[in-house]
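Atoms within each ligand, like the ligands themselves, are counted from 1 in listed order. Not measured: the values here are computed from a predicted model.
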Amino acid sequence: MADSSSKTPAPSTTNGDTTPPPRKVALITGITGQDGSYLTEFLLNKGHSVHGLIRRSSNFNTQRIDHIYVNPHTAHKAHMKLHYADLSDASSLRRWLDTILPDEVYNLAAQSHVAVSFEIPDYTADVVATGALRLLEAVRSHIDATGRSHIRYYQAGSSEMFGSTPPPQSETTPFHPRSPYAASKVAAHWYTVNYREAYGIFACNGILFNHGSPRRGENFVTRKITRAVGRIKIGLQSKLFLGNLSASRDWGFAGDYVEAMWLMLQQEKADDYVVATEDSHTVEEFLEVAFGYVGLNWKDHVVIDKRYFRPTEVDNLKGDASKAKKVLGWKPKVSFEELVRMMVDNDVEMAKKEKVLVDAGYIDAQQQP
Ligand code: NDP
Ligand code: GDR
């Protein structure tokens, strides 16, 4: 279980000194992503200071964390701070480690779309595999230079690493990756194990199965479906184009999964853990629940489009999370049906707002996500 030092710091009363103990400092790559936003909220609630590395983009890409952001010009006590860096730029990673002096490093950044990794394999490997290596090497050299050996590292591993190996998949199941993304995650997994064994770094791999939320990227299948359900219900769209409906996934809620990441870093010993609901559903079952929830029949709206099929598919993922349950005391709180309903509720409300803009002529209803 988590140690007491990880709880929200209480003011010290020794010798009448009321100065609170220093906050733990977390560094998160991928803070603008789905998991980064939930992890930031979680760690701020634990009393951490959170530093996020964001990459330069021609548009602002901080929508998922804007509600937490405090303008540094107006607030001196902002506990979330953002810095420009990139997993493809080793110098930026080392510089921010030396500046921020984190206690915990969470490597969540990735080109995380499996289908897109077939289109940009070289870039995917550079960010997902070599990016993790760059960050581990930055941590190693930072520890060498500063002696800060208490630093802890989390690597965002994926159930995609199991690929075609049949379920249930646990920490001892062999990897058989089926995409450039998955092969890159396997490399990142073994880099992490190697830095733990070679240099004694406290480095953990979380092998997380699919997890979604209302903040899920809109081109992953679950959010693509719930966005379409909202828009179809409100009359902004009539068809939804999808690929393979027979693949099975073990879908959980992202808010539950970030707790497991933190728990891994609170243990006495660094280790690797599968995080999953142990329940699995096909894409078709997701469609049934999502459309059915708002009184629609998915068969009236879904059109199969070959462009969404992958050169190699992962057919069946279902995790065995007994180690995380036993050692971390972790378990998921949100069921599959609750997750689908949470996402559909969010996206029906979003579609209603879109409709106001469409009716006022500000946006085009044909602009589909
Ligand atoms: P997202 O795609 O939502 O977020 C990815 C994040 O990585 C974004 O903040 C993105 O920035 C950032 N990023 C991408 N490329 C770079 C780069 N070159 N340098 C720095 N940052 C970069 O992913 P999730 O939040 O869903 O997932 C978090 C991690 O967990 C990822 O590593 C993913 O592969 C892994 N994972 C996710 C699972 C899931 O079901 N969600 C399951 C298992 C593993 P920007 O906002 O600018 O695009
Ligand atoms: P996945 O998620 O590949 O499991 O990776 P995704 O939602 O992209 O695909 C799940 C399954 O749905 C099928 N599918 C479609 N997928 C997409 N994106 N779009 C479609 O139109 C569509 N139609 C059918 C896919 O073929 C697949 O079988 C996610 C990512 O978050 C990874 O970063 C993470 O590591 C894994 O989950 C665990």
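Nearest to atom 17 (C) of ligand 1 by heavy-atom distance, out of I28, D86, V275, is D86. When R249, H211, R216 are checked for heavy-atom proximity to atom 29 (C) of ligand 2, R216 turns out nearest.
Taking every non-hydrogen atom of S159 and a distance limit under 4.0 Å, the qualifying atoms of ligand 2 come out as 38 (C). Near A110, meaning under 4.0 Å from one of its heavy atoms, ligand 1 places the atoms 5 (C), 7 (O), 13 (N), 14 (C), 15 (N), 31 (C), 32 (O), 34 (O). Near N61, meaning under 4.0 Å from any of its heavy atoms, are these atoms of ligand 1: 45 (P), 46 (O), 47 (O).
In this structure, a donor-acceptor pair under 3.5 Å is present between the side chains of N107 and T29.
Counting heavy atoms under 4.0 Å from ligand 2, residue V221 touches it through both backbone and side chain. Contacts with ligand 2 closer than 4.0 Å are made by no heavy atom of F309, backbone or side chain. Under 4.0 Å from ligand 2, the heavy atoms of N219 that appear belong solely to its backbone. Looking at L242 against ligand 2, both its backbone and its side chain come within 4.0 Å, counting heavy atoms.
Of the N or O atoms in S158, none lie within a sub-3.5 Å distance of an N or O in ligand 1.
Counting protein heavy atoms only, atom 23 (O) of ligand 1 is closest to S112 OG, 3.6 Å.
For CG of D122, the number of neighbouring non-hydrogen atoms (other residues, nucleotides, ligands) closer than 6.0 Å is 12 at most.
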**Report entry** Derivation and outcome, salt bridge (charged side-chain N to carboxylate O under 4.0 Å, His left out), residues E313 and R178
**Finding:** CA-CA 7 Å; E313 177 61 286; R178 298 268 286 170; over 6 Å; no
